[in-house]
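The structure appears below as structure tokens.
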Amino acid sequence: MPELPEVETTRRGIAPHVLGRRVVEVIVRQPRLRWPIPESLAGDLKGQPIEDVGRRGKYLLLHTGKGTAILHLGMSGSLRIVDADLAPRPHDHVDIRLDSGRALRLHDPRRFGALLWTRDDPLAHELLRELGPEPLGEDFDGDVLHAGLRARRCAIKLAIMDSHVVVGVGNIYASEALFRARIHPRRCAGALSRPACRRLAEVIREVLSEAVAQGGTTLRDFVKEDGEPGYFAQHLNVYDRAGLPCPACGKPVTRAVIGQRSSFYCTHCQR
DNA sequence: CCGGACGCCTGTCGGC
DNA sequence: TGCCGACAGGCGTCCG
């Protein structure tokens with residue numbers, strides 16, 4: 001579920017509660033996520049102060065002096081700050097208890113998320129090493145995007161969802177960005193002109209930063225660290241709006257499957 | 001190298 | 001009411 005705006009919202013939400021706090025205990029109720037939570041992780045984290053909360057793409061990074069916890073929310077994950085003694089609900093797989101009497105609680109019904117540990121530079125971890133540019137960073141623009149798409153014959157929607165091209169763009173924001181750029185999602189990625197790439201890079205930055213400002217998109221499960229939803233869903237132009245009028249021209253929004261994922265677009269506005 | 005399909009999981013919803 | 005298929009914010013892996 002969570003794309004860059006939801007992960008960044010989570011990062012900002014938890015940071016004030018965990019920064020400088022010491023981990024007093026880690027409770028793993030269900031270690032079987034996408035990959036098993038390493039058995040050593042609880043011992044590695046225990047006693048460590050959390051020095052920084054970072055994000056790379058859709059990965060959250062809890063930095064300590066001894067190493068870094070790498071956390072991914074998968075499709076259905078969320079992190080909340082709770083009182084440490086609040087009874088866990090189903091699918092509350094991990095509690096990272098802090099010396100404040102609260103806990104960082106990982107909830108993930110589908111268990112596509114991950115919680116891993118590295119003693120080394122997390123950016124050198126095999127899951128992060130090959131990631132493309134951060135769309136909200138300074139090294140992402142139309143020229144970078146154009147270069148990343150050049151050799152790709154796949155649909156542009158699939159290309160911008162490929163984390164080697166640019167990180168953080170998932171199924172919702174891919175549809176939304178292509179609508180704003182007036183580009184049909186099936187267009188051949190490598191055939192986009194440089195100006196089209198400039199426009200696309202611009203709207204990717206725009207839609208992601210607007211969504212961050214709204215606390216992300218809540219359609220089903222996503223909640224912020226305080227349990228509240230994000231409010232960007234009301235600003236979606238096409239995603240999950242099949243049959244409803246295009247905000248630009250009024251013709252019904254189309255739903256089609258591209259790469260086994262639902263895509264939403266306007267056949268009149270997007271070419 | 002690339003593109004495309006497939007799992008991994010659980011929950012929910014719509015149709016019959 | 002119950003059952004069954006489709007579908008859901010991701011992504012590594014496998015195959016041609």
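Every heavy atom of this structure was used, including side-chain atoms; hydrogens, water molecules and symmetry mates were not. Quick note on labels: first sequence line is chain A, next is B, and so on, each numbered from 1.
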Problem - Nucleotide nearest M75(A) when distance is taken to its side chain, options dG12(C), dT10(B), dA8(C) - result: dA8(C)
Practice task
Quickly work out the E126(A) CD to dC11(C) C1' distance and round it to whole Å.
Solution key: 13 Å
Practice task
Looking only at side-chain atoms of R34(A), point me to the closest of dG3(B), dG7(B), dG11(B).
Solution key: dG7(B)
Exercise for the section: Pull out every residue in residues 106-122 of chain A that has a heavy atom closer than 4.0 Å to any atom of DNA chain B, ordered by number, or say none. Expected result: P109(A), R110(A), R111(A), F112(A)
Practice task
Report yes if a side-chain nitrogen or oxygen of R261(A) is closer than 4.0 Å to either non-bridging phosphate oxygen (OP1 or OP2) of dG10(C); otherwise report no.
Solution key: yes
Problem - 5' priority, DNA chain C, between S163(A) and N171(A) [closest heavy atom] - result: N171(A)
Practice task
Find the distance D240(A):CG to dA6(C):C1' and express it as a whole number of Å.
Solution key: 14 Å
Exercise for the section: Please determine, for the side chain of L158(A), which listed nucleotide (dC2(B), dG4(B), dC7(C)) has the closest atom? Expected result: dG4(B)
Completion exercise
Joining Ile, Leu, Val, Met, Phe, Trp and Tyr whenever any side-chain heavy atoms lie under 4.5 Å apart, the cluster holding I27(A) also takes in none
Problem - Inter-nucleotide P distance (dG7(B), dG5(C)), Å rounded - result: 16 Å
Exercise for the section: Respond yes when some side-chain nitrogen or oxygen of R255(A) is under 4.0 Å from OP1 or OP2 of dC7(C), and no when none is. Expected result: yes
Problem - Other residues, nucleotides, ligands: >12 heavy atoms within 6.0 Å of R55(A) CZ - result: yes
Exercise for the section: Give a yes/no on whether any side-chain N or O of S76(A) is located under 4.0 angstrom from OP1 or OP2 of dA8(C). Expected result: no
Practice task
State whether the number of non-hydrogen atoms from other residues, nucleotides or ligands found under 6.0 Å of R29(A) atom CZ is greater than 12.
Solution key: yes
Practice task
Tell me which of L33(A) and D162(A) sits closer to the 5' end of DNA chain B, going by the nucleotide each one is nearest to.
Solution key: D162(A)
Problem - Whole-Å P distance, dC7(C) and dA5(B) - result: 15 Å
Practice task
Return the nearest nucleotide to the side chain of H72(A); candidates are dT10(B), dG3(B), dG10(C).
Solution key: dG10(C)
Exercise for the section: Identify which one of D221(A), T217(A), T218(A), L219(A) satisfies the side chain to side chain contact (heavy atoms under 4.5 Å, CB included) criterion when paired with P229(A). Expected result: T218(A)
Exercise for the section: Look at atom CD of E39(A) and say whether more than 12 heavy atoms of other residues, nucleotides or ligands are closer to it than 6.0 Å. Expected result: no
Fill in the blank from the handout: L127(A) CG to dG10(C) P, in whole Å, measures 16 Å
Problem - Options dC7(C), dC11(C), dG3(B), nucleotide nearest the side-chain atoms of K58(A) - result: dC11(C)
Exercise for the section: Determine the contact category for Y59(A): base if any of its heavy atoms lies under 4.0 Å from a base atom, sugar-phosphate if only primed atoms, P, OP1 or OP2 are that close, otherwise nothing. Expected result: sugar-phosphate
Completion exercise
Between the CZ atom in R119(A) and the CG atom in D44(A), the distance rounded to the nearest 0.5 Å is 4.5 Å
Problem - Euclidean distance, atom CD of residue E130(A) to atom P of dG10(C) [Å, nearest integer] - result: 20 Å
Handout entry: Carboxylate-amine/guanidinium proximity below 4.0 Å for R180(A) and E210(A)
Key = yes
Handout entry: Nearest-Å distance for atom pair CG/C1', residues L131(A) and dG10(C)
Key = 13 Å
Handout entry: Donor-acceptor contact present, side-chain S175(A) to main-chain I172(A), <3.5 Å
Key = no
Handout entry: Interatomic distance, H91(A) NE2 vs dT12(B) C1' [rounded to whole Å]
Key = 12 Å
Practice task
Let me know the distance between CH2 of W35(A) and P of dC9(B), rounded to the nearest Å.
Solution key: 13 Å
Problem - Greater than 12 external heavy atoms within 6.0 Å of H268(A)'s NE2 - result: no
Problem - Geometric class of the H107(A)/H91(A) ring pair [parallel <30°, tilted 30-60°, perpendicular >60°] - result: perpendicular
Problem - Spacing between Y173(A) atom OH and dA8(C) atom C1', to the nearest angstrom - result: 15 Å
Exercise for the section: Of all the heavy-atom pairs spanning L136(A) and L208(A), show the shortest one and how long it is. Expected result: CD2-CB, 4.1 Å
Completion exercise
One should report the stems of DNA chain C, each a stretch of at least three consecutive Watson-Crick or G-U pairs at distances under 3.5 Å, as B:2-8 with C:10-16, B:10-16 with C:2-8
